[in-house]
Amino acid sequence: MQEKYLPSEIEHTAQARWTASQTYRARDDSDRPKYYCLSMFPYPSGRLHMGHVRNYTIGDVLARYHAMRGYNVMQPMGWDAFGLPAENAAIANNVPPAAWTYANIDHMRTQLQALGFAIDWSRELATCKPDYYRWEQWLFTRLFEKGVIYKKMATVNWDPIDQTVLANEQVIEGRGWRSGALVEKRDIPMYFFRITQYADELLSGLDNLPGWPERVKTMQANWIGKSVGVRLAFKIPPAPPLSKGGESLLWVFTTRADTLMGVTFVAVAAEHPLATRAAENNPELAAFIAECKQGSVAEADMATMEKKGMDTGLKVSHPLTGESIPVWVGNYVLMSYGEGAVMAVPAHDERDFGFAQKYGLPIKQVIGVEGETFSLDAWQEWYADKARGHCVNSGKYDGLGYEAAVDAIAADLAAKGLGEKKTQFRLRDWGISRQRYWGCPIPIVHCEACGDVPVPAGQLPVVLPEDVVPDGSGNPLNKRADFVNCVCPKCGGAARRETDTMDTFVESSWYYARYACPDFDGGMLDARANKWLPVDQYIGGIEHAILHLLYARFFHKLMRDEGLVSSDEPFVNLLTQGMVIADTYYRESADGKKTWFNPADVETRDDVAVLKADGQPVVAGGTEKMAKSKNNGVDPQALIDQYGADTARLFTMFAAPPEQSLEWSDAGVEGAHRFLKRLWKLAFEHVQGGTVAAFAGGELPDAAKTLRRQLHQTIHKVSDDIERRKQFNTAIAAVMELMNALAKLEGMDATTRSVRQEVLEAAVAMLAPIVPHIGEALYAELKPDAAMAWPAVDEAALVQDEIELMLQVNGKLRGQIRVASAATREAVEAAALAGEVAQKYLEGKPPKKVVVVPGRLVNIVV
RNA sequence: GCCGGGAUGGCGGAAUCGGUAGACGCAGCGGAUUCAAAAUCCGCCGCUGGUAACAGUGUGGGGGUUCGAGUCCCCCUCCCGGCACCA
């Protein structure tokens, strides 16, 4: 055995052996129980970052642990290969996104392999390959024909200078990131998945996911946002027909129909037909509407901007009282939400209250709470209190509580044909059209005669040309005659191919299923999908808690309803790893553009952060998720090069529990490496004396017996930490403690050496899922030619004759007592009261109360 | 703004079911080894007072429940994630 721990040598040897013997190939035909362990696939951005290392190490620990436990494990890997960054790189470097993406995949695959993950590489897939997206297009056409996909207008960010649609990320403080132009809202036709049709099932299905974190389920439930309210209409007085269908009704939705008698105005979106009509003869209003159309469509921007409005001069009549109500245009009302109009009750809605105060609109109290006095001066929380409030100033509804009032008002509205109760979801249909090149083409042909025609299955895939270099001004596919010009599949006439591509969330919504049968060319999925699905353990960043995970759950149900899978949910257990975060640093140029610097290139001199290259100060931008956009990613490659993959893996697992965010710091890596060297040395010294059979029973000296007890406690703890708690930092700490204790065990007699053998074998096996290379190398030295199995707990080794209990007086720690581990509650109490400490505090008086917590403590209340 | 999460020594973190706060590691300090250094090994290490035994105090801030609160409840502050076209 080598005396020195040489990571690169043992890592290369181990990896070569795994590749040669296809150790991690998942067997489709095995009769062992399956364990499908999946980590969210990476976007091939160029290089691995620490978040990847963390994510894939967590998955690998669980995969390897279950393999040691006898499961038939599948751990696949692939590439979420379409996306915006490839286009940005293309613009910057004049390379086609395809070439850039494939080069990144090759590099990152090499990096993943150097980390020694137990991945079945035979199942690798990339979403930008036609043999993958072909089936996505096929499903699209199926769903289009079923009406699950439909087309409607939707609002996007429009850059008037670059003449292109912008992603929310590309809008910086209301301006286009490249042009600096004020962004405008523009309505364009898009395809939508009718996800709202599945809203109820997506909500109720959360109850069948005990293996998901509560916080994720709560976030999804709130996102879906089921609420029961009332849809009601205000009458638009006779005039040219205005609203949809010429009904002359202005519809709104409210969850607070009980406040209907307090409506003092109605607010509509800038794009609403009523607003458009009112602006025809009102240049001031037209200017305001134009102003409302500026700015991004992001909800966070909408919610935080200053609420502005303008009177249209139009009036509608209240559905119950007939009272004349003014119509305003509000910049906070979105056309694409609900009806594009809201009723305003300033007295009982905080946003309406502020708006009414600002514009001097009437505020009419219609809800009261016992003992509270309404005042127009300032908003108070109770104004909106559904639980305590009851109707006032509301005529026949006075005195009714929330539910009774809503019921009564809904019934009266229904009688007039002006409203009904309605279940509403916050969730909106999923718009998937992207006016971008590097994505999966939407398989639709536009024919003058036949309309939108889905591409027939036999003509799929619609292949995306890979030799395109975008220039930042619109979708380059529009300029490709060979792509655009086509023949209508229905009538054979000349037609135009859709050039929009799909949201990349579509690819990542079903890849987990395709891993079961990546080579199947007869359809989207084959029977192997039901062998492997659902995924037993899914691991990924908490930032995906809502969108990706909700879309994947939705897709699973779509595939189920197509007969492709038989389960209802895709992921049985979910682990959401926390962010890897790091400091950010930037400099701002005169035109307000920020340049971000990597923390590795920044140092602190006299408490000032400066760039190493020029010694000039940089601005600290706070600690944020490692991201390309902030250039604060730490490159794990340097870590691997210097210390080896095992150290990188050990450190990321040891530094923080998986679900918490991990603040990066270079310190600490050294400690992880030191531990591996120490482990190697302990094994080396033992092996030098000749290997022996592990302890198999018999009498032991006290020190060895204590160590054996600690060993079996550790096996119990580590198994529980990995399998149930999924908290690896404490598992590692427990093995470190065990190794510290082992180093202190003296004696070279055969019995002691057999205990040492037992401890080393078990410790190496327990660490192997985390540090597989050194694990394999050491196990081969300790127990040549033996297969490594997960160690079993010897219950007999855990038995203790005497235990120590904490002694408290009035809840404060005052000492300890030793009692037989079998001692009864009475015996423990007696022993505690007899002790010196108790006598001192009791001063001869009897105790008020004695609390005995078995195995833990005794508390004497005096 | 809304939804979700977090805050514990100089630092990362531990305390799993309300029961010894600070495991394990980093940094630091002292010692051994060495010609010297690196590496390694041993020891100390929340704060205040005390030579010490020990006492007091301490888990972002304020209040509460309890024999006992880092953990439960109420209020607040700050930080992080998401907000539908970043992935």
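Protein chains get the first letters and strands the later ones, always in sequence-line order, with residue 1 at the start of each. This is a predicted model, so every value here is computed, not measured.
In this structure, E659(A) places its CD atom 10 Å from P of G6(B), rounding to the nearest Å. Straight-line distance from the CZ atom of F728(A) to the C1' atom of U16(B): 15 Å, rounded to whole Å. K812(A) has its NZ atom 18 Å from the P atom of U66(B), to the nearest Å. With rounding to whole Å, K308(A) atom NZ is found 17 Å from G1(B) atom C1'. Regarding M108(A), its CE atom lies at a distance of 12 Å from the C1' atom of A87(B), rounded to whole Å. Between the CE atom of M806(A) and the P atom of A15(B) there is a distance of 18 Å, rounded to whole Å. Taking atom CG on N55(A) and atom P on G81(B), their separation rounds to 17 Å, with Å as the unit. Taking atom CE on M302(A) and atom P on A84(B), their separation rounds to 11 Å, with Å as the unit.
Residues Y332(A) and R351(A) bring no donor and acceptor atom of their side chains to less than 3.5 Å of each other. Side-chain atoms of D162(A) and S179(A) include no donor-acceptor pair closer than 3.5 Å. For the residue pair D429(A) / T196(A), a side-chain donor-acceptor distance below 3.5 Å is found, with atom types taken as modelled.
For Q727(A), taking side-chain heavy atoms from C-beta onward, the closest of the listed nucleotides C41(B), A15(B), U16(B) is A15(B). Among the nucleotides G19(B), C24(B), A14(B), the one closest to any side-chain atom of V851(A) is G19(B). Set against G25(B), C3(B), G13(B), the side chain of N729(A) has G13(B) as its closest nucleotide. Of the candidates C83(B), A21(B), C26(B), C26(B) carries the atom nearest the R674(A) side chain, counting heavy atoms from C-beta on.
Look at the P atom in both G5(B) and G12(B): the space between them is 22 Å, to the nearest Å. When the P atom is compared between G9(B) and C47(B), the two are found 12 Å apart, to the nearest whole Å. C17(B) and A27(B) have their P atoms separated by 32 Å, given to the nearest Å. Here the separation of A87(B) from A39(B), taken at their C1' atoms, is 44 Å to the nearest Å. Spacing of P atoms, A23(B) relative to G18(B), comes out at 22 Å, to the nearest Å. Taking the C1' atoms as reference points, G22(B) lies 8 Å from U8(B), given to the whole Å. Nucleotides G10(B) and C45(B), compared at atom C1', are 11 Å apart to the nearest Å. Separation of the P atoms belonging to C74(B) and A84(B) is 30 Å when rounded to the nearest angstrom.
Base engagement by F654(A) is indicated by at least one non-hydrogen atom pair under 4.0 Å involving a base atom. Contacts of D720(A) with the nucleic acid, taken as non-hydrogen atoms under 4.0 Å apart, include base atoms. Looking at heavy-atom distances under 4.0 Å, K681(A) makes contact with sugar-phosphate atoms alone, never a base. The residue K726(A) sits apart from the nucleic acid: no heavy atom pair falls under 4.0 Å. Looking at heavy-atom distances under 4.0 Å, L84(A) makes contact with sugar-phosphate atoms alone, never a base. Among the atoms of the strands shown, base atoms are found under 4.0 Å from some heavy atom of E543(A). In this structure, T304(A) reaches the bases: a heavy-atom distance under 4.0 Å links it to at least one base atom across the strands shown. At the heavy-atom level, R215(A) lies under 4.0 Å from the strands shown only through sugar-phosphate atoms. When heavy atoms are screened at a 4.0 angstrom cut-off, G431(A) is found touching the sugar-phosphate backbone but no base atom. H544(A) comes within 4.0 angstrom of a base, heavy atoms only. Nucleic acid contact class of R724(A) (heavy atoms, under 4.0 Å, all strands): base. At a threshold of 4.0 angstrom between heavy atoms, the contacts of V165(A) include nucleobase atoms, whether or not backbone atoms are also involved. Across all strands shown, F505(A) has heavy atoms under 4.0 Å from base atoms, whether or not it also approaches the sugar-phosphate. At a threshold of 4.0 angstrom between heavy atoms, the contacts of R856(A) are confined to the sugar-phosphate backbone, with no base atom among them.
C17(B) adopts a syn glycosidic conformation, its chi angle falling within 90° of 0.
Remark: R725(A) is in phosphate contact with A15(B), judged by side-chain N or O atoms under 4.0 Å from OP1 or OP2. Regarding contacts with the backbone of A84(B), a side-chain N or O of N168(A) is found under 4.0 angstrom from either OP1 or OP2.
Side-chain contact between F192(A) and I149(A): absent, with no pair of heavy atoms (C-beta onward) separated by less than 4.5 Å. Y5(A) places a side-chain heavy atom less than 4.5 Å from the side chain of D646(A).
Taking the centre of each ring, Y511(A) and F41(A) come in below the 6.0 Å mark. Within the 6.0 Å centre-distance limit, the rings of F82(A) and Y133(A) are counted as a close aromatic pair.
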Sequence neighbours left out, cut at 3.5 Å: what donor-acceptor pairs do the side chains of residues 847-862 of chain A make with other protein atoms?
unit_1	atom_1	unit_2	atom_2	d
N859(A)	OD1	N810(A)	N	3.4
N859(A)	OD1	G811(A)	N	2.9

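Between the side chain of N859(A) and the base of C67(B), at least one donor-acceptor pair of N or O atoms lies under 3.5 Å.
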RNA chain B base-pair string [pairs: Watson-Crick or G-U under 3.5 Å; |: paired with another strand]: (((((((..(((......[....))).(((((.......))))).((((....))))..(((((..]....))))))))))))....
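Applying side-chain hydrogen bond (donor to acceptor under 3.5 Å, both in side chains) to R434(A) and the options N475(A), D503(A), T504(A) leaves one that passes, D503(A).
Although no hydrogens or angles enter the test, the distance criterion places no donor-acceptor pair under 3.5 Å between the side chain of D80(A) and the main chain of S508(A).
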Stepwise ring-ring contact (aromatic ring centres under 6.0 Å, His included) check, Y132(A) with W510(A): CA-CA 10 Å; Y132(A) 181 82; W510(A) 67 283; 4.2 Å; yes
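Taking the nucleotide of RNA chain B with the nearest heavy atom to each of E670(A) and Q808(A), the more 5' of the two is matched to Q808(A). A residue-by-residue look at T730(A) and M579(A) shows that T730(A) has its nearest nucleotide of RNA chain B further toward the 5' end.
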